[in-house]
Amino acid sequence: MFDPNSLTMGEVEQFEDYTGLPIDALQEYAPDPDNPDAPAKVPPAKMLTAFAWLIQRRTDPAFTFEQARGMTLAELLPLVSEVMTNPEG
């Protein structure tokens with residue numbers, strides 16, 4: 001399980017540098033608790049790639065952005081879905 005609150009400040013900076021978005025932009029893509037039937041918002045590709053990279057690096061420090069960019073949506077979405085559904089950890 002990946003807890004977004006476990007991100008180091010360096011990882012937050014890397015996320016923000018790569019995506020051009022502040023880390024709190026993640027909340028925009030969280031499910032609406034007042035409307036659980038609303039369709040899910042899909043985050044921008046750079047946000048998905050950045051989280052895939054950060055998550056994978058926890059278990060494989062040699063995992064690169066290029067490897068994350070090479071992932072398919074089918075591989076990437078399950079990996080980052082927990083972060084998207086619980087952006088505050």
Side-chain angles (χ1 to χ4, degrees):
M1 180 165 110
F2 180 80
D3 177 2
N5 288 320
S6 71
L7 291 170
T8 67
M9 293 310 299
E11 289 171 326
V12 171
E13 286 178 8
Q14 290 170 327
F15 172 88
E16 291 178 344
D17 286 346
Y18 181 71
T19 64
L21 300 168
I23 194 72
D24 66 353
L26 180 61
Q27 292 179 352
E28 180 180 337
Y29 301 95
D32 182 352
D34 297 327
N35 188 4
D37 295 327
K41 295 179 185 176
V42 177
K46 282 191 172 189
M47 185 181 284
L48 293 172
T49 303
F51 270 112
W53 176 68
L54 291 171
I55 292 167
Q56 289 294 94
R57 249 187 11 173
R58 294 286 173 103
T59 56
D60 178 4
F63 192 81
T64 67
F65 263 121
E66 286 307 309
Q67 287 174 293
R69 291 179 73 214
M71 295 175 75
T72 66
L73 280 175
E75 295 168 324
L76 201 145
L77 288 175
L79 186 64
V80 299
S81 66
E82 188 172 321
V83 176
M84 297 294 119
T85 58
N86 190 16
E88 295 179 17

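Basis for what follows: all heavy atoms, side chains included, without hydrogens, waters or symmetry-related copies.
Checked against side-chain contact (heavy atoms from CB on, under 4.5 Å), Asp37 has the following partners two or more places apart in sequence or in another chain: Asn35. Listed by chain and number, the residues in a side-chain contact (heavy atoms from CB on, under 4.5 Å) with Asp60 are Ala62, Phe63 (sequence neighbours excluded).
When all heavy atoms of Met71 and Glu75 are compared, the pair lying nearest together is CA-OE1, 3.2 Å. Shown here for Thr8 and Arg58, the closest heavy-atom pair between the two residues is N-NH2, 4.3 Å.
Ring geometry for Trp53 versus Phe65: interplanar angle under 30°, hence parallel rather than tilted (30 to 60°).
Two different hydrophobic clusters hold Met9 and Leu54 under the rule that ILVMFWY side chains link at heavy-atom gaps under 4.5 Å.
Proximity of Leu7 to Phe15: side-chain heavy atoms (C-beta onward) are nowhere separated by under 4.5 Å. By the 4.5 Å heavy-atom criterion applied to side chains, Tyr18 and Thr49 are counted as neighbours.
Among residues at least two apart or in separate chains, there is no salt bridge (Lys or Arg N to Asp or Glu O under 4.0 Å) pair with a member in residues 12-28.
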